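The sequence lines fix the lettering, A, B, ..., with proteins before strands; numbering per chain opens at 1. Just so we're clear, the structure is a prediction, and the values are computed from it rather than from any experiment. The figures here come from the full heavy-atom set of this structure, side chains too, leaving out hydrogens, waters and symmetry mates.
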Amino acid sequence: MLEVGCRPMVQTYTPIVQGYCREGRVDEAKELMSTMESAGCPPNVVTYNVLIRALCDAARFDEVRQVLMDSRTKDWKPSTVTYNTFMNGLCKKGMAKEALEQLDVMLGEGLDPTDFTLSILLNCLSHDKRIHDAVCLLERNTSLKCYAGVVAYNTVMSRLGEMGHWMGVLKLLTDMIKRGVMPNTRTFNIVIRSLCFRRKFSIAKSLASNQGFAANVVTYNTLIYFVFYYSRKLSEVKDLIFDMTAVRIAPDEVTYTIIVDGLCRDGFFDTATSYFLESLEIGLSRDLFAVLTNRL
DNA sequence: ATAGGGTTAG
């Protein structure tokens with residue numbers, strides 16, 4: 001009977017708690033939740049998750065820990081979502097190490113991480129100079145009963161590539177294939193970019209023309225950018241444009257921006273202008289026009 | 001009802 005009477009009340013009050021939280025009125029949310037409790041209608045895990053999200057946004061992490069601690073003596077149990085929320089909050093405030101520690105806490109509670117959990121942690125670790133932890137977590141993921149998909153690999157590989165670790169990128173590429181995770185076009189674009197950072201253009205080009213993968217305009221834009229940037233030769237750019245039209249990929253606004261900006265940078269304003277005029281065939285880009293006029 | 005994410009240029 002109590003169960004039946006209580007459920008609609010929690011459903012009534014949780015959105016109000018949420019409303020307070022959204023407006024940053026966290027203390028009023030807390031107050032309402034203690035009122036709910038003394039009225040015999042205790043907040044449930046969703047209500048607490050909403051509160052924890054707001055506490056995290058306000059960087060009030062000690063209070064989050066307190067709420068989690070208090071749950072032992074109350075009739076709600078933290079869920080995977082609870083820990084995901086907490087970990088994401090820590091990540092957003094640059095506390096990657098603490099977030100990773102929460103993974104062991106949740107495992108200790110008998111809660112299984114999900115692909116959400118992995119995504120939160122991998123993103124956070126990759127962008128927080130903890131790329132090594134991210135790679136370890138990827139390698140650990142089979143023992144965690146959760147599954148790292150193509151996006152998880154792309155996240156870590158992208159950062160590894162930017163940091164110049166192209167061998168690490170290739171290792172993860174082979175790892176994922178061995179695990180049955182199929183790389184997609186973005187994966188290959190990330191690999192190509194990582195090779196370009198280290199000027200391995202011939203490997204990058206041969207990967208782009210490999211039958212095993214569908215190159216797109218981003219693939220060619222990446223190649224054009226790096227080849228042009230490092231070689232500073234328009235002839236090599238023209239070769240790449242020839243290649244891309246041969247596989248029926250049309251240049252887009254980004255392609256023209258790379259070319260126009262690169263030419264202007266080297267002082268070839270007339271050639272840049274003619275490429276700009278050519279780009280009008282696919283439409284006038286305000287941004288490209290701005291690039292040109294700023295350089296002129 | 002509450003939690004997350006991957007590719008290019010300026």
S.K.: How about F61(A): does its CZ atom have over 12 heavy atoms from other parts shown lying under 6.0 Å from it?
M.R.: yes
S.K.: Where the side chain of T114(A) is defined as all heavy atoms beyond and including C-beta, which of dA3(B), dT7(B), dG10(B) is the nearest nucleotide?
M.R.: dA3(B)
S.K.: Specify the separation, in whole Å, of atom CG of L125(A) and atom P of dG5(B).
M.R.: 14 Å
S.K.: Grab the CG-P distance between N154(A) and dT8(B) for me, whole Å please.
M.R.: 11 Å
S.K.: Have a look at N123(A) and say if it touches a base, only the backbone sugar-phosphate, or nothing, with a 4.0 Å heavy-atom cut-off.
M.R.: sugar-phosphate
S.K.: What is the distance from CD1 of I259(A) to P of dT8(B), rounded to the nearest Å?
M.R.: 18 Å
S.K.: I need the NZ-P distance between K92(A) and dG4(B), as an integer number of Å.
M.R.: 6 Å
S.K.: Rounding to a whole Å, what distance do you find between L160(A):CG and dT7(B):P?
M.R.: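 Taking CG of L160(A) and P of dT7(B), I get 13 Å after rounding.
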S.K.: Kindly point out which of dT2(B), dT7(B), dG6(B) is positioned nearest to the side chain of R193(A)?
M.R.: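 Closest of the options to the side chain of R193(A): dT7(B).
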S.K.: Look at R295(A) and dG10(B) and indicate whether a side-chain polar atom (N or O) is within less than 4.0 Å of OP1 or OP2.
M.R.: no
S.K.: Of the nucleotides dA3(B), dT7(B), dG5(B), which one has an atom closest to the side chain of V151(A)?
M.R.: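 In terms of side-chain proximity for V151(A), the closest of dA3(B), dT7(B), dG5(B) is dG5(B).
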S.K.: What is the separation between atom CD1 on I249(A) and atom P on dT8(B), rounded to the nearest whole Å?
M.R.: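 Spelled out: CD1 on I249(A) to P on dT8(B) is 17 Å.
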S.K.: Please check: side-chain N/O of T85(A) versus main-chain N/O of R53(A), any donor-acceptor pairing under 3.5 Å?
M.R.: no
S.K.: Near K77(A) NZ, under 6.0 Å, is it more than 12 heavy atoms from other residues, nucleotides or ligands?
M.R.: yes
S.K.: Out of dG5(B), dT7(B), dG4(B), which has the shortest distance to the side chain of R186(A)?
M.R.: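 Shortest atom-to-atom distance from the side chain points to dT7(B).
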S.K.: Specify the closest pair of heavy atoms between A96(A) and L125(A), including all atoms of both residues, with the distance to one decimal.
M.R.: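 In terms of heavy atoms, the two residues are closest at CB-CD2, 4.1 Å.
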S.K.: What nucleotide among dA1(B), dT8(B), dG10(B) has an atom nearest to a side-chain atom of D261(A)?
M.R.: dG10(B)
S.K.: Flag yes if more than 12 heavy atoms outside D104(A) fall under 6.0 Å of its CG atom; otherwise flag no.
M.R.: yes
S.K.: Using a 4.0 Å heavy-atom cut-off across all strands, classify S158(A) as base, sugar-phosphate, or nothing.
M.R.: sugar-phosphate
S.K.: From C-beta outward on N221(A), which listed nucleotide comes closest to its side chain: dA1(B), dT8(B), dA3(B)?
M.R.: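 Within the option list, the nearest is dT8(B).
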S.K.: So what does Y225(A) touch, heavy atoms closer than 4.0 Å: a base, only the sugar-phosphate, or nothing?
M.R.: sugar-phosphate
S.K.: How long is the line joining CZ of F188(A) and P of dG6(B), in whole Å?
M.R.: 20 Å
S.K.: Test for a donor-acceptor pair under 3.5 Å between the base of dG6(B) and the side chain of N184(A), counting only N and O atoms.
M.R.: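 Yes, the side chain and the base share a sub-3.5 Å donor-acceptor pair.
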S.K.: Determine the contact category for D115(A): base if any of its heavy atoms lies under 4.0 Å from a base atom, sugar-phosphate if only primed atoms, P, OP1 or OP2 are that close, otherwise nothing.
M.R.: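 D115(A): base contact, heavy atoms under 4.0 Å.
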S.K.: Which of these nucleotides, dT8(B), dA1(B), dG6(B), is closest to any side-chain atom of V254(A)?
M.R.: dT8(B)
S.K.: Would you call the rings of Y230(A) and F201(A) parallel, tilted or perpendicular, where under 30° means parallel and over 60° means perpendicular?
M.R.: tilted
S.K.: Which nucleotide in the set dG6(B), dG4(B), dT2(B) lies at the smallest distance from any side-chain heavy atom of I120(A)?
M.R.: dG4(B)
S.K.: Whole-Å distance between dT8(B) C1' and D287(A) CG?
M.R.: 14 Å
